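Heads up, the thing below is written out as C-alpha cells.
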Amino acid sequence: MTAVVEAVRPLEDYLAMPAEYVAESIAAAREALGRRVVILGHHYQRDDVIRHADLQGDSYQLSVMASQTDAEVIVFCGVHFMAESADILGNESQRVILPDLGAGCSMADMASIDQVEDAWEQLAEIGVLDSKVAPITYMNSSAAIKAFCGRHEGVVCTSSNAVPLFDAYLKAYDKMFFFPDQHLGRNTGAKFGIPLDKMVVWNPHEELGGNTAEELLAAKLILWRGHCSVHGRFKDWHVDKIREKVPGVQVIVHPECTYEVVEKSDLNGSTSFIIKTVEEAPPGSKWAVGTEVNLVNRLADRFPEKEIHLLAPDLCMCATMYRIAPQNLAWVLDNLTEGVVVNEIRVNDETKHYASIALERMIGMTEKAG
Ligand code: 13P
Ligand code: SF4
C-alpha cells in the first residue's frame with residue numbers, strides 16, 4: 001500500500017537539476033534532518049545513490065538494519081519488497097519511503113497471493129497437505145505472501161540464509177513449497193542432495209501447476225515458476241567462455257542464476273558473500289562475477305589490484321533498482337525537511353502481523369544458525 005501525499009516540492013524541479021546541485025541538495029537536507037532519517041542502500045544501487053547511504057547491505061542485512069534503527073524515517077534505496085519488509089520490521093511510529101514507486105522486482109511480481117492461495121488449496125485437495133508441508137518464501141515477494149508463510153508455520157529466506165533455513169525445515173517437515181525463485185530453490189535443494197526429479201516446478205497458469213498428483217505427492221520441493229530476469233541472462237556457456245579467455249579465473253555467482261550456471265561456477269552466494277570473497281582474495285586473483293552490473297563495476301573500481309570481470313559481456317543491470325536516482329533521493333529528502341512524507345510504503349496491519357511472524361522467525365533462525 002502506498003500513502004498518496006501531495007509533495008510540497010515537485011519532482012519535476014529535481015529531474016531537470018544538474019548532478020552537482022542534486023548532490024548538494026541531498027547533503028543540505030541530510031544536514032537539516034540529522035539522525036531523524038536513515039538512508040539504507042542495497043548493493044545493487046548505482047554509485048551516485050549508494051554514496052549517500054548511511055548503511056549498505058544485502059537484503060537480509062538491510063532487513064535487520066531496518067528492525068534495529070531508531071530513526072523516525074527510513075529512506076530505502078532498493079526495491080519495493082525491501083521497503084515493505086522495513087515497514088513490517090520497523091517500529092510502529094517509523095515511516096518508510098521508497099524514493100521511486102516504480103522500483104519493483106519482476107521476480108516478486110511472478111507470484112501473487114491469489115495464485116499462492118489457489119495452489120495451496122489444490123495441494124490440499126490432492127492430499128499433499130496431509131503430510132507436513134512448509135511454505136517458504138524468498139524475501140523477493142510481496143508482504144501478503146510473507147504473511148501467508150507466517151500463517152502456515154513457514155518462513156522468509158534470503159540468498160544469504162537459505163542454506164541454514166532449508167536445513168532446519170527439511171529436518172522438521174516432509175516437503176517445502178518455495179516461492180517465487182525456482183533457481184534459488186533448486187540450487188539450495190541441490191546443496192542438500194535432493195535429486196532434480198524430486199524438485200518439481202509449479203506453473204501458476206496450469207492445473208496442479210502442470211504436474212500430476214503423483215509427482216506432487218512424491219516431490220520433496222515444490223518450486224514456484226519464477227526467476228530473476230537479470231540473473232537469468234548468465235548462461236553456462238559464459239562460464240566456459242570466460243575460463244577460456246582468462247586462464248586461472250574463478251567464477252562466483254549469485255544463486256538466483258540457473259542451476260547449470262551455479263553448477264559450473266566455483267562459488268555461489270549472496271551479494272554480501274560475493275563482496276566478502278572478493279575483498280579477501282589476494283592481489284592478482286582473477287574473478288568473473290555473475291550478478292548485477294553496478295555491484296560488479298564497484299568491485300572492479302575498489303580492487304584495481306585484482307582482475308574483476310562481469311561474467312556476461314552484455315549489461316546485466318536491474319532496471320528497477322536503477323530507477324532510484326539521486327534526483328528522487330533529493331526530492332524525498334527535501335519534502336521531508338518540509339515535514340512531508342512522500343512515497344511512503346505502508347503494509348496493512350493484518351498483513352504486517354503475519355508477515356512479521358515469518359520475518360522475525362527468519363531473523364531468529366539465522367542468528368541461531370550463527
Ligand atoms: P541479496 O539477497 O544478495 O541481497 O540479493 C537479493 C536480490 O535479488 C536483490 O534483488
Ligand atoms: Fe528483482 Fe532480479 Fe532486480 Fe533482484 S536483481 S530486484 S531479483 S529483478
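Worth knowing before you read on, the calculation uses all heavy atoms, side chains too, and leaves out hydrogens, waters and symmetry mates. One-based numbering along the sequence shown. Keep in mind the model is a prediction, meaning the values are calculated, not measured. As the structure lists them, so they are numbered: ligands from 1, and atoms in each ligand from 1.
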Task: Within-4.5 Å side-chain heavy-atom neighbours: Glu256 and Thr291 - done: no
- [ ] Could you list the atoms of ligand 2 found under 4.0 angstrom from a heavy atom of Tyr44?
- [x] 5 (S)
Task: Contact residues of ligand 1 (heavy atom under 4.0 Å), by chain and number - done: His42, Tyr44, Asp58, Ser59, Met82, Tyr138, Asn140, Ser159, His254, Glu256, Ser270, Thr271, Met321
TODO: Using a 4.5 Å cut-off on heavy atoms from C-beta on, say whether the side chain of Tyr60 contacts that of Val156.
DONE: no
- [ ] Check whether any side-chain heavy atom of Met321 lies under 4.5 Å from a side-chain heavy atom of His42, and answer yes or no.
- [x] yes
- [ ] Please tell me if the side chains of His43 and Gln61 come closer than 4.5 Å, counting only heavy atoms from C-beta onward.
- [x] yes
Task: Residue Glu256 vicinity, atoms of ligand 2 by number, heavy atom under 4.0 Å - done: 2 (Fe), 7 (S)
Task: Side chain proximity check, Leu299 to Trp287, heavy atoms < 4.5 angstrom - done: no
TODO: With the side chain counted from C-beta on, respond yes when Arg243 and Val249 share a heavy-atom pair under 4.5 Å apart, and no when they do not.
DONE: yes
- [ ] Report yes or no: does a heavy atom of Glu292 sit under 4.0 Å from some atom of ligand 2?
- [x] no
Task: ring pair (Phe, Tyr, Trp, His ring centres under 6.0 Å), paired with Phe178, selected from Tyr169, Phe166, Trp202 - done: Phe166
Open item on the list: Can you tell me how far apart SG (Cys149) and OH (Tyr138) are? Round to the nearest 0.5 Å.
Closed with: 14.5 Å
Task: Test item: side-chain donor near acceptor, Ser272 and Ser270, under 3.5 Å - done: no
Task: 4.5 Å side-chain heavy-atom contact, Asp236 and Thr258 - done: no
TODO: Pull up every protein N/O/S atom sitting under 2.8 Å from atom 1 (Fe) of ligand 2, skipping waters.
DONE: Cys105 SG
Open item on the list: Tell me whether Asp167 is salt-bridged to Lys171, with the criterion being a basic N under 4.0 Å from an acidic carboxylate O.
Closed with: yes
